[in-house]
Protein chains: 2
Amino acid sequence: MATILDVARRAGVSTATVSHVINESRVVTPETKQRVLEAIEALHYRRDGIARSLRRSRTGTIGLVVSDITNPFFSELVRGVEDAIIEKHRDSNLILCNTDEDTEKERRSVETLLEKRIDGLIFAPAGGNESQISHLITRGVPVVMVDRRLPGVEADAVLVDNVQGAYELTAHLLGLGHRRIGVMRADLRAGSIEERLHGFEAAMSAAGVPVDPALIVTSPSEVDEATRVAASLIARPSVQRPSAVFCTNNFMTLGMLRAIVQERLRCPQDIAVAGFDDLPWALGFHPQLTAIAQPAYQMGQVAVDLLFARMSEGATHPPEQRKLETRLMVRESCGATLVQPLARSTA
Amino acid sequence: MATILDVARRAGVSTATVSHVINESRVVTPETKQRVLEAIEALHYRRDGIARSLRRSRTGTIGLVVSDITNPFFSELVRGVEDAIIEKHRDSNLILCNTDEDTEKERRSVETLLEKRIDGLIFAPAGGNESQISHLITRGVPVVMVDRRLPGVEADAVLVDNVQGAYELTAHLLGLGHRRIGVMRADLRAGSIEERLHGFEAAMSAAGVPVDPALIVTSPSEVDEATRVAASLIARPSVQRPSAVFCTNNFMTLGMLRAIVQERLRCPQDIAVAGFDDLPWALGFHPQLTAIAQPAYQMGQVAVDLLFARMSEGATHPPEQRKLETRLMVRESCGATLVQPLARSTA
DNA sequence: GTTCGATGGCAACCATTCTCGATGTGGCCC
DNA sequence: GGGCCACATCGAGAATGGTTGCCATCGAAC
């Protein structure tokens, strides 16, 4: 690979001048500029980002750690981050890490990202690395948390109004006449699940409907396990069975839907399903899911805005927490649509 | 930030020794090693990956460019790549880029990845940058293509047997008695779509069924457009309507399913849908999709293997093309299951 | 005393950026 | 016309933070 020195020699100038031509950081007479550009062209020179980063102590890469890129919520979020970056900050890139909600994996990821000298970090904390993160923040690394917050860690965050969303979804269920409402609770350290539960409880109590603890089950955040747990919740005589289930995340929803098929029940006739978190790729299927949609893409964008704001202004302004609105998508899985399941109407 | 020099001073040794302790690249007496480690601890020293990369001319990051992380096929693939890397090559990371099948965006991505001095590149080419890529390969950058191949570019590749998969899926349709089979053809430069079409045609001709060109429509690879095109294909009097549709990728499938709902048809009774590419998150929905599943995750892993093989051996061995098997997932959307749509059996 | 193995230091090197400062040129004033 | 100053342009070389080849030193063994 040709270096800047090769270019300089060929153009008969110093490396400084070449550098300034490349970065447009100083006026250079048109003639020399021309010579430099020709030399660059001739040698197929491409500047070395590593040496550049070393000297400037900025790498132009930002770290993004999420729990699982395979989860539509996160892939949407990642996409939002990427698009915002290439649109507003052309010279930056994204290093991606998955943690699977594993504290140790997260710790290692952050560690290697730090070693790679990322300019900033966007991440959905799994929890358990609070000290590492706050240490990192006091060191001046710009950090913004997405989707979840770490208790006791002062940093920018972009969140979603989980309580409100869950409240709304539960109210929808109650409005349709459901009283025995079950809950599929994801077993995550992330506080968002708790908040959703609070929203659920608030809506129930506002409607004067008692919460039946027997209808609340907890499951690992993984499809197969969730399916089993879901089955245990609905494989009961119909009087004991919930008439509707509130699923606290994607995995819970999918598990429940699969369990319903397994148990040969009908949704929404035998059991209604309401999910927190939408499943974009399932729009073509029946029954279409009634769910709380999170603005994942937008969350990614906002995260980038917060991050770059902090990167430029330094640690001057206090941490900002942005809370985004959810949207209730009323579709079919709770039986709300008047036009009953479309596919059957022409039968 | 403390540098290696600070550590050296505090431990009373040279920077060389500190470096050797960190990298275990030379024997160091237990006592000095101890002193060094203590100094590292005390100063919260973390080695600078950038300086390190500069000196060693290896960055420990590999570039991954796909068209859209939001597409389950790619997120699965990305996950496979990531897992393989952290399992087998702990010190490496992934820089992710999305291209949206846009040639120019792809060119820019590759360009900045090169500037970042990636150790290797895994990518699903959109097409149009052949010269850039082959130039890059002759320069010695390890490259492996996934999902698609670039005509005229000699490089490692991990592909899927598109012809065979499409053949199998079509044969399945034919076996169920379908004769008027439509095709939703994705408008991509990627050769994979062509191959799938070939497989389709081969199966048809093998069965002695003529292909009706009127039933083959082409759509942009995007959901809303695909829905419109799909609607135009099926919104016909039933005699002119295909009895089954072969969808050449995810977007086509989803568009078709949505169009079916719009047009108030029933799947599979009125029209059968067979998709190339599975939709993992839709397992809980009805009708469950009969589709050709691609081993996306595994493709990512194989890609990593090929890449690291090339990275270590250099350009010595000839490019290797690995072709992975697809799997026909017979579910409900083609009406093949004897147990007719489960949800209705208890009605 | 010589040789050899075990340790560890010196200093070059990686490819840039960036701070000074050097050089030249033209205008202006006396 | 000579001297001085301002301005425009560019170069030399330090600095960035590590890695690594080569050499020096020190005991112990022969």
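The sequence lines fix the lettering, A, B, ..., with proteins before strands; numbering per chain opens at 1. The figures here come from the full heavy-atom set of this structure, side chains too, leaving out hydrogens, waters and symmetry mates.
Across the interface with DNA chain C, nearest-nucleotide mapping of A:A51 and B:S14 shows B:S14 to be the residue nearer the 5′ end. Of the two residues near DNA chain D, A:R55 and B:S19, the one whose nearest nucleotide lies more 5' is A:R55. The residue among B:A16 and A:R56 whose nearest nucleotide of DNA chain C is located toward the 5' end is B:A16.
Rounded to whole Å, the distance from CZ on A:R58 to P on C:dT17 is 12 Å. To the nearest angstrom, C1' of C:dT16 lies 13 Å from CG of A:D6. For A:I22 and C:dC18, the CD1 to P distance is 12 Å, given to the nearest whole Å. Remark: P of C:dT17 and NE2 of A:H20 are 9 Å apart, rounded to the nearest angstrom. In this structure, B:R9 atom CZ and C:dG9 atom C1' are separated by 15 Å, rounded to whole Å. The separation between B:K33 atom NZ and C:dG8 atom P is 11 Å, rounded to whole Å. Separating the CD1 atom of A:I50 from the C1' atom of C:dC13 is a distance of 16 Å, rounded to the nearest angstrom. When the P atom of C:dG9 is taken as reference, atom CG of B:L5 falls 12 Å away, rounded to whole Å.
Protein chain A contacts DNA chain D from D:dT9 to D:dG17, reading 5' to 3' and using non-hydrogen atoms of the protein with a distance under 4.0 Å.
Between B:D100 and B:S67, the side chains place no donor N or O within less than 3.5 Å of an acceptor N or O (distance only, hydrogens not considered).
Within 6.0 Å of NZ in A:K33 there are 12 or fewer heavy atoms belonging to other residues, nucleotides or ligands.
Listed pair A:T3 / C:dA15 fails the phosphate criterion, with no side-chain N or O lying under 4.0 Å from OP1 or OP2. The shortest distance between the side-chain N/O atoms of B:T32 and the OP1/OP2 oxygens of C:dG8 is below 4.0 Å. At C:dG9, one or more side-chain N or O atoms of B:T17 fall inside 4.0 Å of OP1 or OP2 (strictly under the cut-off).
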Practice problem: Test B:T59 against B:D119 for side chain to side chain donor-acceptor pair (under 3.5 Å), laying out the working first. | Solution: CA-CA 6 Å; B:T59 55; B:D119 292 341; 3.2 Å; yes

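The aromatic rings of B:H135 and A:H44 are tilted relative to each other, their planes meeting at an angle between 30° and 60°.
Nucleic acid contact for B:S25: none, since no nucleic acid atom lies under 4.0 Å from a heavy atom of the residue. Among the atoms of the strands shown, base atoms are found under 4.0 Å from some heavy atom of A:R26. If you check every strand for non-hydrogen atoms under 4.0 Å, B:V18 touches nothing.
Tested against B:N129, the residues B:E106, B:R107, B:E104 include a single side-chain hydrogen bond (donor to acceptor under 3.5 Å, both in side chains) partner, B:E106.
Two residues are said to be in side-chain contact when any heavy atoms from C-beta on lie closer than 4.5 Å; A:L324 and A:R322 meet this criterion.
In this structure, A:R46 pairs ionically with B:E111, as a charged nitrogen and a carboxylate oxygen lie closer than 4.0 Å.
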